[in-house]
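Before any comments, here is the structure.
Quick caveat: nothing in here was measured; it's all calculated off a predicted structure.
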Amino acid sequence: MDMLKKKLRVCVATCNRADYSKLAPIMCGIKSHPDDFELEVMVLGSHLIDDYGNTFRLIEQDGFEIGSKLHTIVRGEDEAAMVESVGLALVKLPDVLQRLHPDILVVHGDRFDALALATAAALMNIRILHVEGGEVSGTIDDSIRHAISKLAHYHACCTPRAEQYLIAMCEDHSRILLAGCPSYDKLLSTYHKDNYMDVIKSWLGDTVQKHDYIVALQHPVTTDIQHSIKIYGLMLDALLSFNKKTLILFPNIDAGSKEMVRVMRKKGIEQHPNFRAVKHIPFEQFIQLVCHAGCMIGNSSCGVREAGAFGTAVVNLGTRQTGRETGENVIHVRDADTHNKIYHALELQFGKRYPCGKIYGDGNAVTRILKFLRTIDLDEPLQKTFCFPPVKDSFSQDIDHILETQSALAVDLGGTNLRVAIVCMKGKILKKYTQPNPKTFEDRMQLILKMCFEAMWEAVRLNCRILGVGVSTGGRVNPQEGVVLHSTKLIQEWSTIDLRTPISDAMHLPVWVDNDGNCAALAEKKFGHGKGVENFVTIITGTGIGGGIIHHSELVHGSTFCAAELGHIMVSLEGPECSCGSRGCIEAYASGMALQREAKRLHDEDLLKVEGMDMKLSEPVTAAHLITAASLGNPKADAILNKACTALGVGIINILHIVNPSLVILSGVLASYYQNPVQHIVHGRALLSAQSIKVVTSDLEDPALLGAASMVLDYTTRRTY
């Protein structure tokens, strides 16, 4: 039966250099699966115009056979010419579509050429897949984009917000795919090529260095052409004053572009030694130029979309991208009405590097789109159905999409093991990897990235979208900078370490870092006993003693990030020495290390083992042996454990009297042992107002990983201009 399966005949129509960068990865994917698909390529619009570089040749150079070339542009570069171009395309398209007879037509974005394609295909009963619908920007493109969405039968959108907007536009949930931007599939795999300096020098000269030049790309805003021309002139003036090497691309073919080129030539930009003016750059080279630029300026969607994946600083001018989701790398000059305002923005941004962001994709869009295309049933009714009234639920009801938008990568750096996990929004660990923690910084970072990349590949297989990376580590951490300030003695070479930058740069994901005790508190807040509790304390009772404080539903870090060092609350002036160098800390009495120390002392004095206790000679002595001995009636072991319980209980009473939480959660391997004695001590020794506060044991299996994941799942945000 599989041999008789009909191939899906897919026609991809590309109109200009910009949409080809998004469609080329899809075309490659379709071409690489000849058993499933038959690819037809249609080229029209500015691809076929000499002034815009005859970019159809790039399509041929990429190995695609062009089935049809349609000359559809009426020159004039004004509003009337755009309308006439749509009309000319509508006259020519029916013959071509009848000849190609595709099962589905793939159309991209918001150009007037694409509107003609969608209109012709819809009227000829050809199914349409619209790529990058549902987005918002500040020009006539918005109206064209949404019009194409209404004509399209299927949608491959880039962001969760775009998906929500399509749902609000009454599009059928089952026909919306949250894929990500296809160009990210190519740019994330090509921008870091070793030959980037050759590319930079070939376009800007041998003396230019990375991060020391500007990429400029400004298009007309067709709803306010005169203002567009004014902003363009001001941008050029600012760039001339800024006096840096600048690669400037010609504007697109929209109404007003002819006047903008005239302004550029009047200012002598093409002859100026600081400028290189070009009509077209191959996408792979353009991506490397944007990646290594000191700044990008203009109003191109590349600035608010692709540039964020590299952390390149961007100055966005005017209203063309109003409403687009942007990362922190973008500064908006909304009213770009003076040369000084633009110049000041360049001063602020030039040379800065930002964390890599992946708002618009993770490099796996094509895989999702091909999977989606295979599910299209050509026997189902062609007529579109709309979902009225607009759905209020902000998420798609398709379980694949729910999983894709709600996953995090969690990393736990322990003294012994390094663990990485994929965690979904409900707190389920879908996949976990464990390796011994290397002793050196270089080996540790290399292993972290290797395990993270393995998890990312597995996430694609599991149909999970990774929103970011959360890292839990021992020691004192500055979560605002993602830096480990001072580590525990268990993790060597791990002080003054910037964890966020190398992981973010390699993974192209936002990264959060915090202390393991704080992560345990966050895990309880999202998934455990702390859910819905405004004030509580989590105490980890393991190898050491740590914890986290949630006050008014927020994690307390303190002025120097050492709040909630609960293990180092002193409960005795002359107690045993602690690992911190002080004496009498809770950790010196009640931690696993402290109990193991006392167990070894008793064992060395031959006072540990009692009748009924099974203990082999070669077996290392642990805290568990001390607890077993006490349960079998060993008075020495019992006295040590009573002192440990008292120390922990008194320390918790101090916390209750200072912070006054409504709940104490004990976590870690010793939690179940300590819970009842500590509750008894609190009831007997605390102030009357604090005696009723409950002490409970955590139900969470892996609080460090869940807490690391919760940083991502709770704090991943999308900034909107």
Side-chain angles (χ1 to χ4, degrees), residues 14-25 27-28 43 45-64 108-109 111 181-219 232 235-236 239 244-254 257 260-261 264 269-270 272 274-310 312-315:
T14 172
C15 310
N16 54 59
R17 68 190 182 195
D19 78 13
Y20 180 63
S21 69
K22 315 296 178 69
L23 294 171
M27 292 159 64
C28 288
V43 172
S46 60
H47 274 308
L48 303 170
I49 297 179
D50 183 59
D51 287 353
Y52 290 86
N54 278 326
T55 48
F56 73 90
R57 294 196 182 99
L58 292 173
I59 302 171
E60 294 174 333
Q61 289 169 16
D62 286 343
F64 296 111
H108 170 270
R111 307 293 300 146
C181 182
S183 66
Y184 271 55
D185 290 27
K186 196 168 185 180
L187 68 89
L188 291 179
S189 63
T190 60
Y191 83 93
H192 51 70
K193 287 187 175 180
D194 294 335
N195 68 338
Y196 69 88
M197 281 307 303
D198 294 336
V199 173
I200 293 171
K201 289 177 180 179
S202 70
W203 290 98
L204 287 161
D206 293 336
T207 61
V208 176
Q209 298 300 314
K210 70 174 183 177
H211 305 159
D212 197 37
Y213 62 90
I214 297 170
V215 174
L217 180 52
Q218 181 88 356
H219 298 304
Y232 191 64
M235 179 190 79
L236 295 177
L239 288 169
K244 286 288 181 182
K245 278 285 188 180
T246 301
L247 181 69
I248 185 165
L249 279 83
F250 278 61
N252 65 22
I253 201 168
D254 282 351
S257 60
M260 290 172 70
V261 171
M264 181 172 70
I269 296 298
E270 290 173 291
H272 196 284
N274 267 355
F275 286 81
R276 174 79 188 279
V278 297
K279 294 175 180 176
H280 175 71
I281 301 173
F283 181 68
E284 289 188 14
Q285 295 182 36
F286 179 66
I287 284 306
Q288 293 187 61
L289 288 162
V290 171
C291 171
H292 299 289
C295 179
M296 185 173 183
I297 188 170
N299 64 2
S300 168
S301 61
C302 177
V304 299
R305 296 170 67 100
E306 284 83 356
F310 318 125
T312 301
V314 174
V315 177

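- The ring pair (Phe, Tyr, Trp, His ring centres under 6.0 Å) search around Phe275 returns His272, not counting sequence neighbours.
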### Message
One pair to check against side-chain contact (heavy atoms from CB on, under 4.5 Å): Arg57 and His280. What are the steps and the verdict?
### Response
CA-CA 12 Å; Arg57 294 196 182 99; His280 175 71; over 6 Å; no
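- Taking 4.5 Å as the limit, some side-chain heavy atom of Lys244 sits within range of a side-chain heavy atom of Asp212.
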### Task
Begin from the C-alpha positions of Ile281 and Leu247 and carry the test side-chain contact (heavy atoms from CB on, under 4.5 Å) through to its verdict.
CA-CA 10 Å; Ile281 301 173; Leu247 181 69; 3.4 Å; yes
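- In this structure, CG on Leu204 lies 8.0 Å from OG on Ser202, to the nearest 0.5 angstrom.
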### Task
Show your working on side-chain contact (heavy atoms from CB on, under 4.5 Å) between Phe310 and Ile287 and close with a plain yes or no.
CA-CA 9 Å; Phe310 318 125; Ile287 284 306; 3.4 Å; yes
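- For the pair Ile253/Arg111, a side-chain contact is recorded, criterion being any heavy-atom separation below 4.5 Å from C-beta on.
- Here the closest heavy-atom approach between residue Gly45 and residue Ile49 is recorded as O-CG1, 4.2 Å.
- Across all their heavy atoms, Leu239 and Ala216 have their closest contact at CD1-CB, 4.0 Å.
- Ring geometry for Tyr196 versus His292: interplanar angle under 30°, hence parallel rather than tilted (30 to 60°).
- A 4.5 Å side-chain heavy-atom check between Trp203 and Tyr213 finds every atom pair outside the cut-off.
- Rounding to the nearest 0.5 Å places OG1 of Thr55 at 7.5 Å from CG of Leu48.
- Tyr20 has its side chain out of reach of His108: every pair of non-hydrogen atoms, C-beta onward, lies at least 4.5 Å apart.
- A donor-acceptor pair under 3.5 Å is formed between the side chain of Tyr184 and the backbone N or O of Arg305.
- Rounded to the nearest 0.5 angstrom, Gln285 CD and Asp198 CG are separated by 10.0 Å.
- When side chains are defined from C-beta on, Glu306 does not count as touching Met296, because their heavy atoms never get closer than 4.5 Å.
- Using modelled atom types, one finds a donor on one side chain and an acceptor on the other under 3.5 Å when comparing Asp19 with Thr14.
- Contact of the Arg17 side chain with the Leu58 side chain is not registered, since no non-hydrogen atoms from C-beta on lie closer than 4.5 Å.
- Nearest heavy atom pair, residue Asn195 against residue Gln288, reads OD1-OE1, 3.4 Å.
- Between Ile248 and Ile269, some side-chain heavy-atom pair lies under the 4.5 Å cut-off.
- Across every non-hydrogen atom of Pro182 and Pro25, the tightest pair is O-CG, 3.4 Å.
- Panel note: side chain Asn252, backbone Asp254; a donor-acceptor pair is recorded below 3.5 Å.
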### CA sep, side-chain torsions, deciding dist, call: Val199, Leu289, side-chain contact (heavy atoms from CB on, under 4.5 Å)
CA-CA 7 Å; Val199 173; Leu289 288 162; 4.0 Å; yes
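- Here the closest non-hydrogen pair linking Met235 and Gly298 is SD-CA, 4.2 Å.
- In summary, of the residues considered (Lys245, Lys201, Met197), a side chain to side chain contact (heavy atoms under 4.5 Å, CB included) with Val208 occurs for Lys245 alone.
- Between atom CD1 of residue Ile297 and atom CG of residue Leu236 there is a gap of 9.0 Å, rounded to the nearest 0.5 Å.
- Minimum interatomic distance between Thr312 and Ala293 (heavy atoms only, all atoms of both residues): CG2-O, 4.0 Å.
- Side chains of Ser183 and Phe283 form a contact here, defined as non-hydrogen atoms less than 4.5 Å apart.
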